[in-house]
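Notes follow the structure.
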Amino acid sequence: MFKKVFVANRGEIALRIIRSCKELGLSTVIGFSEADRDSLPVQLADEKICIGPAPASESYLNIPSIVGAIEITKAQAVHPGYGFLAESIQFVEICKASGITFIGPTSNNIQLMGDKALARKTAKSYKIPVIAGYEENMLNDALAHARKIGFPVIIKASAGGGGRGMRKVNTIEEFVKLWNTCQEEAKASFGEDALYVEKFLERPKHIEIQLLGDKKGNIVVFPERDCSIQRRHQKLIEESPSPSVSAPLRKKLYKYASRLAKRIGYQSAGTVEFLADSDNNPYFIEMNTRIQVEHPITELVSGIDMVKHQILVARGDKLPFSQKDITIRGHAIECRINAEDPSRNFMPSPGRIKKLILPGGPGIRVDTHIYEGYTIPPYYDSLILKLIAYGMNRTEAIYRMQRALEEIQIEGVATTVPLHKRIFNHPVFLSGRYSTKWLENFLASEQEQEKKEA
Ligand code: MV4
């Protein structure tokens, strides 16, 4: 049984992990880069150890340095958070060989789901619906299948993520050229160039199901999140439950997500992603084998601490609740506040926080590592704060979020707060009838408006 947990991450998620460890009576060590010496998780962990210079490749991604730091500090387990080493098969295997408990899934779980073409094939073999497509990495056959399925299609990188190595193909003529583009992009981004093809869905909704699995084969699935409000594959707003998911659709999503997790013997926190077409038919697209940024909204609607139970199942505990204990209580929405300037094409805006007033009151949760006087380093992700509103229904959650967005004051750096305010005043967002296309269209129409006025 482990008593000391190494936190192999930074920012708000490092703090989030420390908080659950404290509640469980576990002591914490944080491995930090030279750029994060003054950060809040470094101040709040029981112990701290420097794992290298600012660039992530030399610190948060540096496996020998992190494993060395775990051994020096005698931590018995490691929580990877999200990003960095959270889905590194190599890191999981080195931890195992070194007798360190990895608080996450098995390397086999990651292998199976990390390859998106293989994940699709696997889901299909369990009779989980997938979009019409073709998984083999063979240009000629892929083109033949694309003709059969009908254009437009989408080419995706098997190792993909974040929209890289992915292209919509409108006509047969451009297929070969875009296949090569994707291949090059995939090779450069992931070191692997395997591709697969799907029919392109117009205006899909992005719906995901978070789940927890223990080492005894139990799987519990949670109310869905709608993550359709994205820009360039970066989520800006997530909500749970989804305004476009009916009870019968939810039942299907639960069934497919738990079937997939059970059949692959999934252990830990994970998320099964679906796209829903305009008729709200769900299709499996991929699985994330980690705790995600947006886990708090699921915590608020289910009343279950995801990080705490992720740690407990890693220790070997049986999940202390079952599917019948999971109900939807109320509605939660998260705004991701980034240190970016929406008026300058979302350029990162690192720097010193000169003033910080945090919102609070009924139904407001703030997950952040920033404080007044803190300097946001330029080396990492620009997420600085997650503003989460909870209410008995969607209307109340929205009112609370609008109030919290008025209360919050962050001075010294540009943030996405003004954009969130505009979204929370837009009739399409308020109606809940938005798809993955909506935000980009909204931003484009705002730009048009500005041009006209100039
Ligand atoms: C698609 C699609 C349309 N058709 N697949 C983007 C991220 C990756 N996880 C899956 N993505 C998409 N896959 C088919 N067959 C459109 C997208 C997509 C998207 C999906 C979810 C949220 C935002 C998106 C923005 C653009 C494209």
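Indexing begins at 1, ligand by ligand and atom by atom, following the structure's order. These values consider heavy atoms only, across backbone and side chains, with no hydrogens, waters or symmetry-generated copies.
Side-chain atoms of Glu87 and Thr289 form a donor-acceptor pair, as typed in the model, at a separation below 3.5 Å. A donor atom on one side chain and an acceptor atom on the other are found under 3.5 Å apart for His331 and Glu239. Between the side chains of Lys324 and Ser322, at least one donor N or O lies within less than 3.5 Å of an accepting N or O. A side-chain donor from one of Tyr134 and Asp141 sits under 3.5 Å from a side-chain acceptor of the other.
The atoms of ligand 1 that sit less than 4.0 Å from any heavy atom of Phe200 are 3 (C), 4 (N). Distances below 4.0 Å separate heavy atoms of Lys199 from the following atoms of ligand 1: 4 (N), 14 (C), 15 (N). Close approach to Ile131 involves these atoms of ligand 1, each under 4.0 Å from a residue heavy atom: 15 (N).
Considering backbone and side-chain atoms alike, Glu286 places an N or O below 3.5 Å from some N or O of ligand 1.
Closest heavy-atom approach to atom 22 (C) of ligand 1 among the candidates Leu201, Thr436, Ile285: Thr436. In the candidate list Arg164, His233, Lys437, His233 is nearest to atom 18 (C) of ligand 1, counting heavy atoms. Around atom 20 (C) of ligand 1, the closest heavy atom drawn from Val197, Leu275, Asp277 belongs to Leu275.
Residue contact annotation: Met166 has a non-hydrogen atom under 4.0 Å from ligand 1. For the ligand labelled ligand 1, residue Lys156 lies inside the 4.0 Å heavy-atom shell.
For Thr415 against Pro342, the heavy-atom pair with the smallest separation is O-CD, 3.5 Å.
The aromatic rings of Tyr434 and Phe429 sit parallel, their planes meeting at an angle under 30°, below the 60° perpendicular limit.
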